[in-house]
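Working notes, beginning with the structure itself.
This chain uses plain numbering: 1 for the first residue, then up along the sequence. Counting starts at 1 for both ligands and their atoms, following the listed order. Atom set for the values below is all heavy atoms of this structure, side chains included, hydrogens, waters and symmetry mates excluded. It should be emphasised that the depicted structure is a prediction, and the values quoted were computed from it without experimental measurement.
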Amino acid sequence: MVSNTEQILVAGATGGVGQLVVAKLLAKDLKVCALTRTRAKAESMFDQQVKIIEGDIRHANTLARVTNGISYIICCTGTTAFPSLRWDFANLFQPANSPAAVDAEGVKNLVAAAPEDLKRFVFVSSCGVLRKDEFPYNILNAFGVLDAKLKGEEAIAASNLPYTIIRPARLIDGPYTSYDLNTLLRAKTDGKKAVKIESGDRLNGETSRIDVANACVEALFYDTTINKDFSIINAEDRDHPTQWSELFATL
Ligand SMILES: NC(=O)c1ccc[n+]([C@@H]2O[C@H](COP(=O)([O-])OP(=O)(O)OC[C@H]3O[C@@H](n4cnc5c(N)ncnc54)[C@H](OP(=O)(O)O)[C@@H]3O)[C@@H](O)[C@H]2O)c1
């Protein structure tokens, strides 16, 4: 059980899911360290409520001090699935912040930097990592994002750290930080959709960023999520509050 003396590192804290994870942790009165590449951005977002640590998961040398004293890591980092400015095309032929650099190498670096006594490494991956040849995942993987997410997952599973791997489908609900159709349409659930989870990688659909963030945080409170991987989507209309203990017990 997480206590409010333990520090939780949120990597990708300035992202859509990351911001919601930070908010949820603070609402539970837990101690948050936000890992960011841009201190000023995080400072303006979190208004001195969290400890801010600068680091870039692509560069292992920036991570050693970052993970000092950390009991939990929630990793919500990512870049776009398709080429965009986020890939950092300073070198046209070898984008510096591609999925291979962030979701594979970066996650490996974060795993390697994690303290040996880490209590949990929660990773936001993606539906489709085990179905890369099936539509629509074959399209999504055109530039290797699912290959890279799977490499990140494999590094975590091979690490001996207790982990939880969460695989959302297409993200909906804000903060709208991506460059995709759902962002363009401001697609949302209005909090009305129930959460469905299932072990492995068989679900398809859409997933609220709010529910992904809730799953990341709630997972820390349940041993039933230790060393588990699961997909998460929104399904039928919600008729009662999400019962995470019941959902996690099915894994
Ligand atoms: N969009 C979808 O439909 C979809 C579907 C399934 C899974 N996912 C996954 O869900 C996760 C959350 O999505 P999202 O929309 O919330 O992501 P997002 O808003 O794009 O946030 C990505 C975060 O990663 C950080 N980041 C990027 N490169 C980094 C690096 N080299 N070192 C450290 N931090 C770095 C960014 O920080 P900066 O502020 O420094 O840029 C940002 O905080 C991502 O892992 C994504 O791959 C997305």
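Under 4.0 Å from ligand 1, the heavy atoms of Ala169 that appear belong solely to its backbone. Residue contacts with ligand 1, taken as heavy atom pairs separated by less than 4.0 Å, involve Lys149 solely via side-chain atoms from C-beta onward.
No salt bridge links Glu206 with Lys193; every basic N to acidic carboxylate O contact stays at or beyond 4.0 Å. Salt-bridge annotation for Asp173 and Arg209: absent, with no side-chain N of the basic residue lying under 4.0 Å from a carboxylate O of the acidic one. At a threshold of 4.0 Å, the pair Lys108-Glu105 counts as salt-bridged, since one of the basic side-chain nitrogens sits closer than that to a carboxylate oxygen. A salt bridge links Glu218 with Lys28; the closest basic N to acidic carboxylate O contact falls under 4.0 Å.
Residue, atom and distance of the protein heavy atom nearest to atom 32 (N) of ligand 1 are Ile57 N, 3.1 Å. Looking only at heavy atoms of the protein, atom 15 (O) of ligand 1 is closest to Arg209 NH2, 3.0 Å. Looking only at heavy atoms of the protein, atom 28 (N) of ligand 1 is closest to Asn97 ND2, 3.1 Å. The protein atom (non-hydrogen) at minimum distance from atom 23 (C) of ligand 1 is Gly12 CA, 3.8 Å. Regarding atom 48 (C) of ligand 1, its nearest protein heavy-atom neighbour is Leu171 CD1, 3.3 Å. Protein heavy atom at the shortest distance from atom 44 (C) of ligand 1 is Thr77 O, 3.5 Å. The protein atom (non-hydrogen) at minimum distance from atom 35 (C) of ligand 1 is Arg37 NE, 3.8 Å. Residue, atom and distance of the protein heavy atom nearest to atom 16 (O) of ligand 1 are Val17 N, 2.7 Å.
On a distance-only criterion, Gly16 and ligand 1 share at least one N/O pair closer than 3.5 Å.
Within the set Val124, Val145, Asp103, the minimum heavy-atom distance to atom 10 (O) of ligand 1 is found for Val124. Scanning Gly78, Pro168, Ser126 for the heavy atom closest to atom 26 (N) of ligand 1 points to Gly78. Between Thr207, Leu146, Thr177, Asn109, it is Thr177 that holds the heavy atom closest to atom 18 (P) of ligand 1. Of the options Gly18, Ser125, Ser98, Gly15, the smallest heavy-atom separation from atom 7 (C) of ligand 1 is shown by Ser125.
Between the side chain of Arg186 and the backbone N or O of Thr183 there is at least one donor-acceptor pair closer than 3.5 Å. Put simply, the side chain of Asn109 gets close to the backbone of Ile57: a donor and an acceptor are under 3.5 Å apart. Remark: side-chain polar atoms of Asn97 are not paired, donor with acceptor, to backbone N or O of Asp88 under 3.5 angstrom. The closest donor-acceptor contact from the side chain of Thr207 to the backbone of Ala169 lies under 3.5 Å. With Ser159 contributing its side chain and Val111 its backbone, the two residues share no donor-acceptor pair below 3.5 Å.
The only option from Val122, Thr67, Ile8 that meets the side-chain contact (heavy atoms from CB on, under 4.5 Å) definition with Ile73 turns out to be Thr67.
Considering CG of Asn227 and CD1 of Ile156, their distance stands at 11.0 Å, rounded to 0.5 Å.
At a threshold of 4.5 Å between non-hydrogen side-chain atoms, the residues Pro175 and Leu20 count as touching.
Of all atoms in ligand 1, listed by their number and element, those nearer than 4.0 Å to a heavy atom of Lys41 are 38 (P), 39 (O), 41 (O). For ligand 1, the atoms lying closer than 4.0 Å to a non-hydrogen atom of Asp56 are 30 (C), 31 (N), 32 (N). Close approach of ligand 1 to Arg170 (heavy-atom distance below 4.0 Å) involves ligand atoms 3 (O). Atom numbering of ligand 1 starts at 1 in the shown order; those under 4.0 Å from a heavy atom of Thr14 are 37 (O), 38 (P), 39 (O), 42 (C), 43 (O). The atoms of ligand 1 that sit less than 4.0 Å from any heavy atom of Arg58 are 31 (N).
Residue contact check for ligand 1: Arg86 places a non-hydrogen atom closer than 4.0 Å to it.
For Lys228 and Tyr222, the positive end is not near the middle of the six-membered ring at less than 6.0 Å and at most 45° from its axis.
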